[in-house]
Amino acid sequence: MSDRMSTATSTPARNTKVMNRFDLTSRLVARLKNEEAVIGGIGNTNFDLWAAGHRPQNFYMLGSMGLAFPIALGVALAQPTRRVFALEGDGSLLMQLGCLSTIATLSPKNLTMIVMDNGVYQITGAQPTPAATVADVVAISTGCGLTNSAWAADEEDFERLVDQSLSASGPTLIAVRIDDKPVGATRRDPVQIRERFMLGLGVRQAL
Ligand SMILES: Cc1ncc(C[n+]2csc(CCOP(=O)(O)OP(=O)(O)O)c2C)c(N)n1
């Protein structure tokens, strides 16, 4: 095996603390002022977003992996004065990598993406994802043209990167290593989730 190949099969270089998704989600929610949209992906990101305190501006993806960032891109482009956050699991992002180069190309500066990397498809039984061994989501994101991409070293660094993203000149991707502690559950009614979100974003009037 060549040096290059042996490098490619080593664990990604992530000098970061293993943190907790609910704690980080709660830290993010605590920093929100009011009108920010937050999109949670399938998997546990949307459960912890719900558990951190439901807001009308939250959207919880159900059913399809990897759509948190594409949905957030749409919201960010449609409402450029609104800050948009998106939370996605590593497994889901790896299934939908095409979105990263699209987001880099369109470059909405009001978009902050957070990758919750536990190295497993936790919700379906903790099968390992490629991020557990070979794939580094920050390296991939940077390679797709998202130059504001970084691993958060610890909780304080996470909060610093979130704050920094608010004044960045383009989209930001923050990756965090997390444990696989179990989480709660959202109420799973897709129509209700969509209607509530559209009301929350002011694009639909209450009946
Ligand atoms: C196209 C597709 N394949 C498989 C599934 C089944 N599935 C739902 S969530 C999930 C794992 C999600 O993993 P990750 O995004 O890393 O989040 P975590 O569960 O670790 O929070 C899988 C395999 C699905 N919903 N859609």
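Quick note: residue numbers are just sequence positions, from 1. In each ligand, atom 1 is the first atom listed, and ligand 1 is the first ligand listed.
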Flag side-chain contact, heavy atom, 4.5 Å: F197 against V75
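SC-SC contact between F197 and V75 confirmed.
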Quick one: does M116's side chain get under 4.5 Å of N44's, heavy atoms only?
no
Between I140 and L73, is there a shared hydrophobic cluster once you connect ILVMFWY residues whose side-chain heavy atoms come closer than 4.5 Å?
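Yes, one cluster joins them.
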Shortest protein heavy-atom distance from [atom], along with the residue and atom involved:
atom	answer
atom 6 (C) of ligand 1	T124 CG2, 4.0 Å
atom 8 (C) of ligand 1	I42 CD1, 3.6 Å
atom 15 (O) of ligand 1	S92 OG, 2.6 Å
atom 1 (C) of ligand 1	M95 SD, 3.5 Å
atom 5 (C) of ligand 1	M65 SD, 3.5 Å
atom 16 (O) of ligand 1	G91 N, 2.9 Å
atom 18 (P) of ligand 1	Q122 N, 3.6 Å
atom 25 (N) of ligand 1	G63 O, 3.0 Å

Hey, does [X] come in under 3.5 Å of ligand 1, counting only N/O atoms on both sides?
X	result
Y121	no
G43	no
N44	yes

Which residue, N46, V115, T25, forms the side chain to side chain contact (heavy atoms under 4.5 Å, CB included) with L87?
T25
Any Q127 heavy atom less than 4.0 Å to ligand 1:
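Distance cut 4.0 Å: Q127 fails for ligand 1.
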Going by the order shown, which atoms of ligand 1 are within less than 4.0 Å of some heavy atom of [X]?
X	result
R21	21 (O)
I123	9 (S), 10 (C), 11 (C), 19 (O)
N118	20 (O)

Establish, from distance only, whether the side-chain atoms of W151 and D117 form a donor-acceptor pair under 3.5 Å.
no
Option whose closest heavy atom lies nearest to atom 20 (O) of ligand 1, chosen from V120, L67, D90:
V120
About how many Å separate CG of D157 and CZ of R160, when rounded to the nearest 0.5 Å?
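Those atoms lie 4.5 Å apart.
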Pairwise distance SG(C99) to CG(L146) - rounded to 0.5 angstrom
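Interatomic distance, C99 SG to L146 CG, rounded to 0.5 Å: 8.5 Å.
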Taking it one step at a time, do T112 and S165 satisfy side chain to side chain donor-acceptor pair (under 3.5 Å)?
CA-CA 6 Å; T112 306; S165 76; 2.9 Å; yes
Return yes if some donor-acceptor pair links the side-chain N/O of E88 with the main-chain N/O of L93 below 3.5 Å, else return no.
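Not confirmed, E88 side chain does not pair with L93 backbone.
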Which of these passes salt bridge (Lys or Arg N to Asp or Glu O under 4.0 Å) with E155: R21, K17, R177?
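In the set R21, K17, R177, the residue that makes a salt bridge (Lys or Arg N to Asp or Glu O under 4.0 Å) with E155 is K17.
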